[in-house]
Amino acid sequence: MSTERYDPRAIEAKWQRLWAAERTWEVSNEPDERPKSYVLEMLPYPSGEPHIGHLKVYSVGDALAHFRRRSGMRVLHPMGYDAFGLPAENHAIATGQHPRASTEASIAQFREQFRSWGISIDWSREFATHEPEYYRWTQWIFLRLFERGLAYRKQAAVNWCPKDETVLANEQAKDGVCERCGTPVEIRQLEQWFFKITDYADRLLDDLATVDWPEHVVTMQRNWIGRSRGAEVSFRCEALGTDYRVFTTRPDTLFGATFFVMAPEHPDVLRLNDAPEVRDYVNSAARESNEERGDEGREKTGVALGQTVTNPVNGEQIPMFVADYVLMEYGTGAIMAVPAHDERDFEFARRFGLEIRRVVESGELPSTGDGPMVNSGRFDGLHNREAFAQIVEWLAGDGKGEQAVNYRLRDWLLSRQRYWGCPIPILHCDRCGLVPVPDDQLPVALPDVEDYAPKGRSPLAGAEEWVRTECPSCGGEARRETDTMDTFVDSSWYFLRYCDARNDRAPWDRATLGAWMPVDQYIGGVEHAILHLMYARFFTKALADLDLLDVQEPFANLFTQGMITRDGAKMSKSRGNVISPREVIEPYGADSARCYILYIAPPAQDADWSDEGVGGIHRFLSRLWRVAVEVAERSGGAAGAGGVGASRSPVMRKAHWAIAKVTTDLRERFAFNTAIAAVIELVNDIYREKESLYGSPEGEAELRFGVATAASLIFPFAPHLGSEVYELITGRRVWEEPWPDADPALLASTTVEVAVQVNGKLRDRIQMPASASQGEQERLARDSEKVLAHVNGAEIVKTVVVPGKLVNFVVR
RNA sequence: GCGGCGGUGGAGGAACGGCAGACUCGAUGCACUCAAAAUGCAUUGCCCGAAAGGGCGUGUGGGUUCGAAUCCCACCCGCCGCACCA
């Protein structure tokens with residue numbers, strides 16, 4: 001046995017140099033006869049250096065990319081950087097260093113590490129979203145959306161983070177705190193830019209059916225869109241002479257509406273009653289955060305307005321209230337209250353002693369169940385589901401209501417009062433209003449400023465010379481928009497740019513794009529299940545409507561990988577339990593790190609990092625390398641792996657078994673852990689059998705075949721070692737070899753072990769020829785002494801035979 | 001509260017109607033060594049037993065089945081998402 005040691009550092013450097021020099025992983029946009037496959041990991045945000053989560057996504061994606069290439073596909077596997085964003089800007093505020101400088105330093109780090117991991121990236125398509133060559137097109141797309149009315153400005157109650165001093169999208173202000181820094185958000189009335197994503201609510205919801213995504217992600221998107229079908233109904237208020245429309249999902253319960261409630265923010269509340277009591281209530285509601293208001297166990301509060309509205313179905317005058325359990329943002333900001341069939345209304349009615357009138361026979365109140373109608377005039381006796389449609393129809397005939405659909409989804413607030421983002425390419429002209437920057441003047445370059453600190457307005461407002469410009473429409477004086485775009489805008493179309501990354505006349509060529517899109521396999525963390533994925537889908541649909549591309553959904557398949565934890569906890573600097581990929585790769589090499597991270601658990605699952613575990617995988621790779629060196633020496637070098645007959649020796653059978661196992665694990669599921677385990681088993685068998693195989697030409701050919709197969713199968717996970725060993729044994733480049741096929745004839749053994757049960761309990765295992773018929777199998781099993789002992793003369797009432805596997809005798 | 005995912009040896013996990021615990025870590029023993037490391041080999045679910053062998057075992061309780069970790073019902077625990085959305 002050779003005394004040399006497995007030296008990942010040398011091996012990995014060798015192959016990385018070769019792949020870079022030969023640009024091995026570049027793929028041309030010229031189609032050929034191969035089917036295409038677009039494999040993409042979510043765009044990394046470059047900050048410091050890559051962490052262990054990055055190592056995991058790229059280990060998953062790269063394994064897939066390699067497997068698909070060798071399975072005869074044309075694979076696009078690109079890389080880029082999500083370079084704009086708050087962390088770089090906050091760093092700039094703290095240190096004075098330009099965000100561009102720190103960002104580009106991080107990008108250099110990321111690029112360097114990705115290369116050292118040996119990921120098969122087409123580097124010719126690389127870009128970062130802060131480069132003018134990229135954001136020029138971000139602006140161009142913005143203008144197309146603006147022309148379509150899909151980007152617009154409006155005054156709105158928005159989430160404001162007092163710490164970051166910027167507005168946030170609804171999606172970024174979860175539970176009333178800033179998603180980024182955890183500061184409670186304030187609500188401010190500001191004029192802001194929005195994308196009209198709500199126009200796409202139905203399509204974003206319905207098209208989820210066309211996509212192969214994890215069920216929980218689909219569910220999260222569905223909940224986020226929150227479509228509910230019902231009706232809008234008018235309630236007349238004679239005092240003001242106004243009709244109030246309310247949205248309800250239960251028009252069938254209209255006869256049970258015994259009061260009416262408005263949100264405190266509803267503009268008419270004080271017009272209806274401006275008594276001090278009402279004013280106080282409205283003011284105190286405004287002071288409370290949405291979170292406090294939404295608190296679960298909280299008792300219902302409210303104030304009577306002393307006015308009534310008319311219930312349109314029965315003409316009853318019902319009292320009006322203001323209460324903070326009604327939200328201004330949802331529906332119309334006013335509701336009809338049906339205490340018998342809505343838990344919240346029920347609670348409120350109890351508290352204020354209001355009438356609770358059952359209109360559906362459906363069990364104990366409050367009840368949302370179905371049943372026959374009661375107390376509902378001519379609808380009595382009808383099932384409530386039928387009454388639903390009939391009541392809406394009846395109201396529609398009178399002009400007092402109609403079918404309606406409501407969504408939880410809000411328009412996407414995209415403007416940010418921050419520096420480090422893509423400038424919004426719009427001018428403000430006193431005479432012409434909002435004027436788009438002409439296409440030929442793009443990009444609107446982000447100017448340098450002195451002071452990055454936000455002061456409630458964008459730092460760009462301080463760049464006076466940049467702000468002042470000429471209106472392209474009237475030639476008069478105009479001012480540039482000083483807000484920048486949310487970075488989610490940048491990442492909503494980057495996957496399109498990869499298809500034609502060097503195009504300087506258009507964001508992409510439509511036919512070129514059409515040849516790659518959609519992304520066949522998208523890979524990333526669940527944390528983007530709502531925001532990024534929803535925005536990217538919206539952009540894709542809007543761009544399709546603009547006749548710029550031909551797909552409706554950007555990501556045909558989605559895989560969400562689990563987190564890597566340590567000691568059961570999320571890695572974080574504050575916990576001090578962070579392990580960086582570099583720390584692992586230095587002692588063990590990238591191949592060990594990549595294999596370990598895939599081996600530790602199924603990749604969709606969270607997995608706990610163990611330092612000893614990496615050592616185990618490293619040992620396995622060393623074993624493969626050592627046996628390869630030994631086999632190469634003792635069997636006469638790289639003479640080729642030919643000459644292996646249809647031998648059914650254990651090594652041959654194991655090799656073919658491993659081929660079959662790894663292939664299905666990679667093709668049909670993301671079972672990298674069991675795929676790697678199969679290769680480990682193959683190598684273990686080679687160690688067990690090798691001494692008996694040396695010495696005969698056939699035995700040595702089998703050993704070479706076994707080792708070459710192990711190298712070939714481990715290559716998607718450990719590309720450097722796979723290449724090295726394969727070259728050592730065969731003299732060829734493994735990535736140029738087609739993915740191996742398992743020979744079914746070699747998979748089958750001549751004998752099988754059959755489990756024998758009596759009453760479902762295992763009693764014996766017997767060897768028999770694989771060719772044994774069911775009858776022979778049963779006979780052989782029945783003759784087993786152990787079986788006889790357990791049958792013990794009793795009557796066999798039934799025999800179950802599973803060919804080649806099992807016999808079960810049922811005795812009484 | 002609603003929805004989703006999960007609960008298997010000392011640890012990560014495998015099997016997903018047919019031999020529970022593949023593979024790895026850890027542990028123990030042996031070989032090599034002056035010694036250690038490295039490496040190789042063996043053992044390693046629990047209980048009874050000297051052994052042969054037997055019993056018990058996949059969160060709990062029921063059910064379906066010749067046969068259940070796997071399917072069904074109820075419950076317990078953990079994690080994630082949503083949550084006064086009319």
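Residue numbers start from 1 in every chain, and the chains themselves are labelled A, B, ... in the order their sequence lines are given, proteins ahead of strands.
- By the 4.0 Å N-to-carboxylate-O rule, Asp252(A) lies too far from Arg385(A) to be salt-bridged with it.
- Checking G18(B), G26(B), A15(B) against every side-chain atom of Gln757(A), the shortest atom distance belongs to G18(B).
- Of the side-chain N and O atoms in Lys761(A), none sit less than 4.0 angstrom from OP1 or OP2 of G57(B).
- Checking the phosphate oxygens (OP1, OP2) of G40(B), a side-chain nitrogen or oxygen of Arg626(A) falls inside 4.0 Å.
- For Thr258(A) and Arg357(A), the side-chain atoms include no donor-acceptor pair closer than 3.5 Å.
- In this model, a side-chain donor or acceptor of Lys300(A) finds a partner on the base of C84(B) within 3.5 Å.
- With both ends at atom C1', the span from A50(B) to C66(B) equals 38 Å, rounded to whole Å.
- Across the protein-nucleic acid pair, Arg222(A) atom CZ and G4(B) atom C1' stand 13 Å apart, rounded to whole Å.
- Remark: Glu753(A) CD is packed, more than 12 non-hydrogen atoms of other residues, nucleotides or ligands lying under 6.0 Å away.
- Rounded to a whole Å, the CG atom of Asn684(A) is 14 Å from the C1' atom of U39(B).
- Residue Glu215(A) is out of contact with every strand shown, counting any heavy-atom pair closer than 4.0 Å.
- Across all strands, Gly616(A) comes closer than 4.0 Å only to sugar-phosphate atoms, never to a base (heavy-atom distances).
- Using a 4.0 Å heavy-atom cutoff across all strands shown, Leu806(A) reaches at least one base atom of the nucleic acid.
- Residues Asn406(A) and Arg229(A) have side chains that never bring a donor and an acceptor to within less than 3.5 angstrom of each other.
- The shortest distance between the side-chain N/O atoms of Arg619(A) and the OP1/OP2 oxygens of G26(B) is below 4.0 Å.
- With G18(B), C66(B), G26(B) as the choices, the nucleotide that has an atom nearest any side-chain atom of Val810(A) turns out to be C66(B).
- Separating the P atom of G59(B) from that of A69(B) is a span of 10 Å, rounded to the nearest Å.
- Spacing between U33(B) and C25(B) at atom P, rounded to whole Å, works out to 25 Å.
- At least one side-chain nitrogen or oxygen of Tyr330(A) sits closer than 4.0 Å to the OP1 or OP2 atom of A86(B).
- Nucleotide G53(B) holds its P atom 11 Å from the NE2 atom of His790(A), rounded to whole Å.
- Between Arg245(A) and Glu402(A) a salt bridge is recorded (basic side-chain N to carboxylate O distance below 4.0 Å).
- Pair assignment for G67(B): none, as no Watson-Crick or G-U wobble contacts are both less than 3.5 Å.
- Taking a pair to require two hydrogen-bonding distances under 3.5 Å in either a Watson-Crick or a G-U wobble arrangement, G26(B) pairs with U44(B).
- In this structure, U60(B) forms a base pair with A74(B), meeting either the Watson-Crick or the G-U wobble geometry with both donor-acceptor distances under 3.5 Å.
- When the P atom is used for both G26(B) and A38(B), the distance is 10 Å, rounded to whole Å.
- Side-chain proximity of Met220(A) to the nucleotides G81(B), C19(B), C66(B) is greatest for G81(B).
- Using modelled atom types, one finds no donor on one side chain facing an acceptor on the other under 3.5 Å when comparing Ser592(A) with Tyr599(A).
- With rounding to whole Å, Ile676(A) atom CD1 is found 18 Å from A22(B) atom P.
- As rounded to whole Å, 8 Å separates atom C1' of G4(B) from atom NE2 of His216(A).
- A syn orientation is assigned to G9(B), its glycosidic angle lying within 90° of 0.
- Side-chain atoms of Asn808(A) come within donor-acceptor range of the base of C66(B), with a qualifying N/O pair under 3.5 Å.
- The pairing partner recorded for A20(B) is none, the criterion being a Watson-Crick or G-U wobble arrangement whose two distances lie under 3.5 angstrom.
- The side chain of Arg408(A) has A83(B) as its nearest neighbour among G40(B), A83(B), G26(B).
- Using a 4.0 Å heavy-atom distance criterion, Ser610(A) is classed as making no nucleic acid contact.
- Between the C1' atoms of G45(B) and G21(B), the separation comes to 8 Å (whole Å).
- Nucleotides A14(B) and U39(B), compared at atom P, are 26 Å apart to the nearest Å.
- Counting to the nearest Å, the P atom of C82(B) and the CD atom of Gln221(A) are 12 Å from each other.
- Of the side-chain N and O atoms in Arg763(A), none sit less than 4.0 angstrom from OP1 or OP2 of C19(B).
- Between the CD atom of Glu347(A) and the C1' atom of C84(B) there is a distance of 8 Å, rounded to whole Å.
- The residue Ser228(A) sits close only to the backbone: its heavy atoms come under 4.0 Å of sugar-phosphate atoms, none of a base.
- Tyr694(A) and Glu689(A) are not linked by any side-chain donor-acceptor pair at a separation below 3.5 angstrom, with hydrogens and angles left out of the test.
- Nucleotides A22(B) and C32(B), compared at atom P, are 30 Å apart to the nearest Å.
- Under the 3.5 Å distance criterion, with hydrogens and angles disregarded, a donor-acceptor pair is assigned to the side chains of Gln221(A) and Arg537(A).
- Ion pairing of Lys654(A) with Glu681(A) is present here, as a side-chain N (NZ or NE/NH1/NH2) and a carboxylate O approach within less than 4.0 Å.
- Remark: C1' of C23(B) and OH of Tyr599(A) are 3 Å apart, rounded to the nearest angstrom.
- Here the nucleotide nearest the side chain of Ile530(A), chosen from C23(B), C82(B), A86(B), is C82(B).
- Of all nucleotides present, none satisfies the Watson-Crick or G-U wobble test against C84(B) with each distance under 3.5 Å.
- As rounded to the nearest Å, A42(B) and C47(B) have P atoms that lie 24 Å from one another.
- Mapping Arg688(A) and Ala755(A) onto RNA chain B via the closest heavy atom, the residue that lands nearer the 5' end is Ala755(A).
- Asn673(A) comes within contact range of the sugar-phosphate backbone alone, with a heavy-atom separation under 4.0 Å but no base atom that close.
- Pairing of C34(B), defined by two Watson-Crick or G-U wobble distances under 3.5 Å, is not identified with any nucleotide.
- Between Gly615(A) and Thr332(A), the residue whose closest nucleotide on RNA chain B is further toward the 5' end is Gly615(A).
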